[in-house]
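In what follows, residues are counted from 1 in the order of the sequence shown.
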Amino acid sequence: MKVELVTTLKRHATKILADLHTSKEPVLITEHGQPSAYLVDVDDYEMMQKRMAILEGIARGEKAIKEGHVLSNASAKEQMKKWLK
C-alpha cells in the first residue's frame, strides 16, 4: 500500500489521484506521522460497500436462525402468496 503525507496530497493531488486510478492501490494518508485516511478508487469503494451489505445480510440471517426466528417452508410459501398476487 502506498503511503503519502497529507502535505504531499495537498501539493500533488492530481498526480496521486492519477496513480490511484491506474494502479487501483489504496493510498494511506498520514498526518503528523499517524494514519488519517485512505484514498480508494470509486469502483473499489462501491464494490466494498456492496460486499459489506451482503455480509450484513448474512449476519442478520444467522442471528435470526440463532434466535429461532425462522419459518417452515409451508409457512413461507403461504406468506409469499400474499405478496405475489
Side-chain angles (χ1 to χ4, degrees):
M1 177 178 308
K2 193 171 179 182
V3 179
E4 294 288 353
L5 300 169
V6 71
T7 53
T8 306
L9 176 63
K10 289 177 185 178
R11 293 181 191 137
H12 304 285
T14 304
K15 182 186 180 322
I16 291 171
L17 288 173
D19 291 346
L20 171 69
H21 295 306
T22 301
S23 71
K24 302 288 188 183
E25 182 182 12
V27 179
L28 174 62
I29 304 301
T30 63
E31 286 183 286
H32 309 293
Q34 298 296 314
S36 180
Y38 287 101
L39 287 177
V40 294
D41 182 71
V42 170
D43 293 335
D44 291 341
Y45 177 80
E46 290 173 352
M47 181 182 62
M48 286 187 289
Q49 292 297 103
K50 289 176 185 176
R51 285 182 179 174
M52 286 297 296
I54 291 168
L55 291 172
E56 287 170 357
I58 292 169
R60 282 192 306 272
E62 289 175 337
K63 182 180 177 192
I65 291 169
K66 193 175 192 177
E67 294 174 352
H69 299 202
V70 295
L71 298 174
S72 68
N73 188 37
S75 179
K77 281 184 177 180
E78 189 61 35
Q79 286 190 10
M80 292 299 289
K81 282 182 187 177
K82 298 173 188 175
W83 297 339
L84 298 176
K85 286 185 179 182

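- Proximity of a side-chain donor or acceptor of Ser75 to a complementary backbone N or O of Leu71 within less than 3.5 Å is not detected.
- Electrostatic pairing of Lys2 and Glu4 counts as a salt bridge here, judged by a charged N lying under 4.0 Å from a carboxylate O.
- Annotation for Met1: atom CE counts as buried by contact number, over 12 foreign heavy atoms lying within 6.0 Å.
- Note that CD1 of Ile58 and CZ of Arg60 are 10.0 Å apart. Values are rounded to the nearest 0.5 Å.
- Rounding to the nearest 0.5 Å gives a distance of 8.5 Å between OG1 of Thr7 and NE2 of His12.
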Cut-off 3.5 Å, no hydrogens considered: what does the side-chain donor-acceptor table look like for residues 26-42, sequence neighbours left out?
{"unit_1": "Glu31", "atom_1": "OE1", "unit_2": "Ser36", "atom_2": "OG", "d": "2.7"}
{"unit_1": "Asp41", "atom_1": "OD1", "unit_2": "His21", "atom_2": "ND1", "d": "2.9"}
{"unit_1": "Asp41", "atom_1": "OD2", "unit_2": "Lys24", "atom_2": "NZ", "d": "3.0"}
{"unit_1": "Asp41", "atom_1": "OD2", "unit_2": "Asp43", "atom_2": "N", "d": "3.1"}

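- Residues forming a salt bridge (charged side-chain N to carboxylate O under 4.0 Å, His left out) with Glu46 (at least two apart in sequence, or on another chain): none.
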